[in-house]
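Numbering of ligands and ligand atoms starts at 1, following listing order.
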Amino acid sequence: MERLLEHAERLGLGPWAGELAALIARKQRYIAGVDAKARRYLDTFASLPEGAPASVELASDRVRIGDPGDLDPASRETLRAALGDYRPWRKGPFALFGIELDAEWDSSLKWNRLREHIAPLAGRRVLDIGSSNGYYLFRMAAADPALALGIEPYLTNWFQFRLLQHYARVPQVYGLPVRFEELPDMAGYFDTVFSMGVLYHRRAPLETLAAMRRMLRRGGELVLETLVIPGEGELALCPAERYAKMNNVYFLPSVPCLEIWLRRAGFTAIRCVDVSRTTGAEQRKTEWVNTETLEDFLDPRDPEMTIEGYPAPRRALLIARNPG
Ligand SMILES: C[S@@+](CC[C@H](N)C(=O)[O-])C[C@H]1O[C@@H](n2cnc3c(N)ncnc32)[C@H](O)[C@@H]1O
């Protein structure tokens, strides 16, 4: 976290350095003092073995940090135990000093669906909202952005990121354990904002989209991925309680409805580049996941429906521009 402040001037973050410093200090106090799980995560972090990867590979589907030979066997076992403490590993895959972290989600599939459609990330300032353990930040870094900043409030995911970056040390990549709403008003700072798997968690999606647009420079790009319902009507589903067992899902629009939301939030050049049903090839149980997964969320008699009777998860990927 401090590294972002150290590099604030170089990254053009000077106007917000004070607010960012206060936010980071608040989060550090929270992690160290309030939350028992976070304190355990800190202890685990302190027990990590020393190790420097001879090489890091970010451009392949499986992000590879080091090789088995870069760490002695005893240290590898210590590391494996730490990785176990940080379960569940939702996003991946990673290979860390030869330990295969096969996460619940094969996140390479989403990245491969979007990579050809976005503006090249070289030299850009990129924000990833809901960056989880940083899988996409690492993939972005392969394109040499000026900055790939991930924000992820859920501490298990953020500690996973911290562990991976502790070893990978990718210079352009930074992560903060904060919510989007907590960021300073960094109007016009970012060239690209990613929001993937976040919008359906928001009670006021139009306001969230407008707030994302505000963070973008004129001509900057939003990469938006969210759950949608099938159909051409300008409609959104609002689940009565849960959707696929999640209790924090508010609105699932059709693609035409989502395009309207983007337009009404001020975006232009709106393109839907993909709609995919989520399958068991993309989301499934692995040894690194100790929770339920997609197959538990679907109706066992009709996998086209969720267990609550709603259309099964499908996700749309849209790209839009801030006209300024
Ligand atoms: C469904 S996951 C998607 C992760 C990743 N972006 C992807 O597409 O695979 C949603 C993530 O957003 C995070 N999140 C939820 N609310 C958020 C908020 N207000 N600001 C930033 N991140 C948030 C969650 O903790 C979670 O890691």
task = Take Tyr167 and Phe97 through the test ring-ring contact (aromatic ring centres under 6.0 Å, His included) and record every step on the way to the result.
result = CA-CA 10 Å; Tyr167 291 109; Phe97 298 114; 5.2 Å; yes
Inspect the contact between [Y] and [X] and indicate whether a charged nitrogen and a carboxylate oxygen are less than 4.0 angstrom apart.
X      : Y      : value
Glu304 : Arg277 : yes
Lys285 : Glu295 : no
Lys91  : Glu152 : no

Proximal atoms of ligand 1 relative to [X] (non-hydrogen, under 4.0 Å):
X      : value
Val198 : 12 (O)
Tyr200 : 1 (C)
Ile129 : 21 (C)
Asn157 : 27 (O)
Tyr154 : 25 (O)
Arg202 : 19 (N)

ask   = What is the ring orientation for Trp111 with Tyr136, classed by angle as parallel under 30°, tilted 30 to 60°, or perpendicular over 60°?
value =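 The arrangement is tilted - the two ring planes meet at 30° to 60°.
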task = Please state whether the rings of Trp89 and Trp288 are parallel, tilted or perpendicular, taking 30° and 60° as the class boundaries.
result =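 Correct class here is perpendicular.
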key: Exam field: side chain Gln160 to backbone Tyr86, donor-acceptor pair closer than 3.5 Å   =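 Side chain of Gln160 to backbone of Tyr86, a donor-acceptor pair under 3.5 Å: yes, one is there.
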request  = Answer yes or no: is there a donor N or O on one side and an acceptor on the other, between the side chain of Glu221 and the main chain of Ala119, under 3.5 Å?
outcome  =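 Answer holds: yes.
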Tyr135, portion touching ligand 1 at heavy-atom distance under 4.0 Å =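 The answer is neither; Tyr135 stays 4.0 Å or more away.
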ask   = Any idea which part of Trp158 is under 4.0 Å from ligand 1, heavy-atom wise: side chain, backbone, both or neither?
value =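 Within the 4.0 Å criterion, Trp158 makes no contact with ligand 1.
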ask   = When you measure from atom 26 (C) of ligand 1 to every protein heavy atom, which one gives the shortest distance, and what is it?
value =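 Answer for atom 26 (C) of ligand 1: Glu152 OE1, 3.6 Å.
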For atom 17 (C) of ligand 1, closest protein heavy-atom neighbour =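 It is Pro153 CG, 4.0 Å.
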task = Take Arg3 and Glu6 through the test salt bridge (Lys or Arg N to Asp or Glu O under 4.0 Å) and record every step on the way to the result.
result = CA-CA 5 Å; Arg3 206 168 54 90; Glu6 284 162 26; over 6 Å; no
key: Tyr136 heavy atom under 4.0 Å from ligand 1   =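 The answer is yes: ligand 1 sits under 4.0 Å from a heavy atom of Tyr136.
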message = Just to check, does Ser107 reach to within less than 4.0 Å of ligand 1 when the distance is taken from its heavy atoms?
response =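 No, that is not the case, since the closest heavy atom of the residue is not under 4.0 Å from the ligand.
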query = For the side chain to side chain contact (heavy atoms under 4.5 Å, CB included) test, which of Arg202, Met212, Glu225 pairs with Ser195?
reply =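 That would be Met212.
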Counting only heavy atoms, tell me which of [options] gets closest to [atom].
atom                   : options                       : value
atom 8 (O) of ligand 1 : Lys110, Glu181, Gln283        : Lys110
atom 4 (C) of ligand 1 : Ala103, Gly130, Gly197        : Gly130
atom 3 (C) of ligand 1 : Arg90, Arg179, Met196, Glu225 : Met196

Min side-chain heavy-atom separation Glu308-Lys245 under 4.5 Å =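 A side-chain contact exists here, since the closest heavy-atom pair is under 4.5 Å.
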query = Between Lys91 and ligand 1, is there a nitrogen or oxygen pair with a distance under 3.5 Å?
reply =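 It does: an N or O of Lys91 is found under 3.5 Å from an N or O of ligand 1.
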ask   = Is Phe180 in polar range of ligand 1, meaning some N or O pair under 3.5 Å apart?
value =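 Yes; the residue has a nitrogen or oxygen that sits under 3.5 Å from a nitrogen or oxygen of the ligand.
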message = Quick check on atom 15 (C) of ligand 1 - does any protein heavy atom sit closer than 4.0 Å to it?
response =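 No, there is none.
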